[in-house]
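Below is one structure; the comments refer to it alone.
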Amino acid sequence: MSSIKGFIFDLDGVLVDTAEYHYRGWQRLADEEGFPFDRKANEALRGISRRESLLLILNGRILPEEKIQEMMERKNRYYVEYIQQVSPDDMLPGALDLLHEIRQACLKCAIGSASKNTCTVVEKLGIAHLVDAISDGYSVTNPKPAPDLFLHAAGQLGLPPGECVVVEDAAAGIEAAIAGGFRSIGLGPIERVGTAEVVYPSLDGLLLAKILTDLG
Ligand code: BG6
Ligand code: MG
């Protein structure tokens with residue numbers, strides 16, 4: 001029998017393609033401000049908190065705190081505008097089936113996302129009944145790559161980290177999982193998530209049994 005008793009899913013880019021909307025929000029802000037930014041630069045922002053993302057875009061430029069706050073609020077306004085259209089149809093391929101399989105197998109399931117918009121997105125996707133706990137951008141002070149958010153989620157599930165597998169699309173998320181002593185699954189290219197124990201291109205077509213076998 002597998003030692004894995006629970007799953008902790010990142011949200012953006014794992015269960016739903018809101019990573020694209022985060023990117024568009026930052027791109028719009030960067031264009032307005034004349035900061036160089038593109039999809040390639042955005043890869044480093046995956047999983048990173050709102051403030052840390054902006055600081056990466058600023059690339060050493062020093063701005064007054066009020067301006068930083070204003071820019072974070074502006075990007076969030078754009079993001080909130082984009083996610084208005086999110087619906088259950090926006091679940092990434094394979095994600096809903098896997099959540100159902102986890103429920104049927106009586107394993108625990110949490111969401112561990114840095115986003116302060118997590119609850120809104122979960123509600124729009126209609127998956128709240130499939131998760132036992134949500135840890136989000138309000139739950140802890142230290143963002144990924146610190147393990148705090150996943151430790152918070154595991155605590156809510158009542159499981160030790162070694163019995164939980166973290167599913168992530170971000171380098172910072174895999175780093176956080178490893179730092180916290182979690183099992184890890186990376187979704188995406190090896191260059192981004194190659195340090196995870198197991199790497200898949202996406203959740204598309206993935207069965208729970210295969211995941212548990214691959215993790216050993
Ligand atoms: C993460 C995203 O899930 O949440 C990041 O991958 C985002 O791109 C971060 O910056 C914070 O999200 P929010 O909604 O609180 O700005
Ligand atoms: Mg993500």
Side-chain angles (χ1 to χ4, degrees), residues 7-30 35 37-58 68-86 90-92 94-95 98 110-125 127 131 134-150 152-153 165-178 182 184-189 191-193 195-196 199-203:
F7 279 72
I8 302 174
F9 289 91
D10 172 47
L11 179 68
D12 302 315
V14 168
L15 297 178
V16 56
D17 197 14
T18 37
E20 173 66 17
Y21 298 140
H22 280 295
Y23 159 68
R24 287 186 201 172
W26 287 126
Q27 186 69 64
R28 192 162 152 191
L29 179 89
F35 299 145
F37 188 67
D38 56 18
R39 278 187 187 277
K40 191 162 172 279
N42 182 65
E43 285 297 286
L45 271 49
R46 270 180 194 263
I48 301 288
S49 72
R50 199 180 305 169
R51 186 181 185 85
E52 291 300 320
S53 297
L54 178 58
L55 294 181
L56 283 175
I57 292 172
L58 290 178
I68 289 180
Q69 289 297 333
E70 184 277 317
M71 286 182 179
M72 289 197 298
E73 280 160 26
R74 200 183 335 155
K75 182 270 175 177
N76 193 54
R77 273 203 311 279
Y78 298 152
Y79 181 71
V80 168
E81 183 186 312
Y82 298 144
I83 61 172
Q84 290 317 306
Q85 53 191 297
V86 169
D90 290 303
M91 288 290 285
L92 281 168
L98 185 57
I111 289 176
S113 166
S115 176
K116 290 184 168 155
N117 294 291
T118 298
C119 288
T120 307
V121 173
V122 166
E123 199 181 303
K124 285 182 172 294
L125 292 173
I127 55 169
V131 299
I134 293 177
S135 296
D136 65 11
Y138 295 104
S139 302
V140 297
T141 311
N142 291 335
K144 301 171 190 177
D148 303 33
L149 185 71
F150 294 140
H152 186 275
V165 53
V166 164
V167 187
E168 261 289 352
D169 70 317
I174 299 298
E175 204 180 321
I178 293 170
F182 292 88
S184 55
I185 292 176
L187 300 181
E191 310 83 65
R192 198 170 74 209
V193 290
T195 53
V199 176
Y200 303 116
S202 74
L203 295 178

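Whatever order the structure lists ligands and atoms in, that order sets their numbers, starting from 1.
- Protein heavy atom at the shortest distance from atom 8 (O) of ligand 1 is His22 CG, 3.6 Å.
- Side-chain contact between Gln85 and Tyr21 is present, with heavy atoms from C-beta onward closer than 4.5 Å.
- The closest protein non-hydrogen atom to atom 3 (O) of ligand 1 is Asp12 OD2, 2.7 Å.
- With a heavy-atom cut-off of 4.0 Å, Ala114 touches ligand 1 through backbone and side chain alike.
- Counting heavy atoms closer than 4.0 Å to ligand 1, residue Leu11 contributes nothing at all.
- Partner of Lys144 under the salt bridge (charged side-chain N to carboxylate O under 4.0 Å, His left out) criterion, out of Asp12, Asp10, Asp136: Asp10 alone.
- Angle OD1(Asp169) to the Mg ion (ligand 2) to O(Asp12): 100° [nearest 10 degrees].
- Between Tyr82 and Tyr78, the ring planes are tilted. Angles from 30° to 60° get that label.
- A salt bridge links Arg24 to Glu20: one of the charged nitrogens lies within less than 4.0 Å of a carboxylate oxygen.
- Looking from atom 10 (O) of ligand 1 to the surrounding protein, the closest heavy atom is Ile48 O, 2.8 Å.
- With hydrogens left out, the protein atom closest to atom 6 (O) of ligand 1 is Gly47 N, 2.9 Å, a heavy atom.
- For the pair Phe9 and Leu98, the minimum side-chain heavy-atom distance is below 4.5 Å.
- For Ser115, a nitrogen or oxygen atom sits less than 3.5 Å from a nitrogen or oxygen atom of ligand 1, counting backbone and side chain alike.
- Residue Arg50 places at least one N or O, backbone or side chain, under 3.5 Å from an N or O of ligand 1.
- For the side chain to side chain donor-acceptor pair (under 3.5 Å) with His22, the lone residue among Arg50, Arg46, Lys75 that qualifies is Lys75.
- The shortest contact between atom 15 (O) of ligand 1 and any protein heavy atom is with Lys116 N, 2.7 Å.
- Those atoms of ligand 1 that come under 4.0 Å of a heavy atom in Ser53, given as number and element, are 10 (O).
- Looking at Tyr79 next to ligand 1, no N or O pair under 3.5 Å apart turns up.
- Of all N, O or S atoms in Asp10, the one lying closest to the Mg ion (ligand 2) is OD2.
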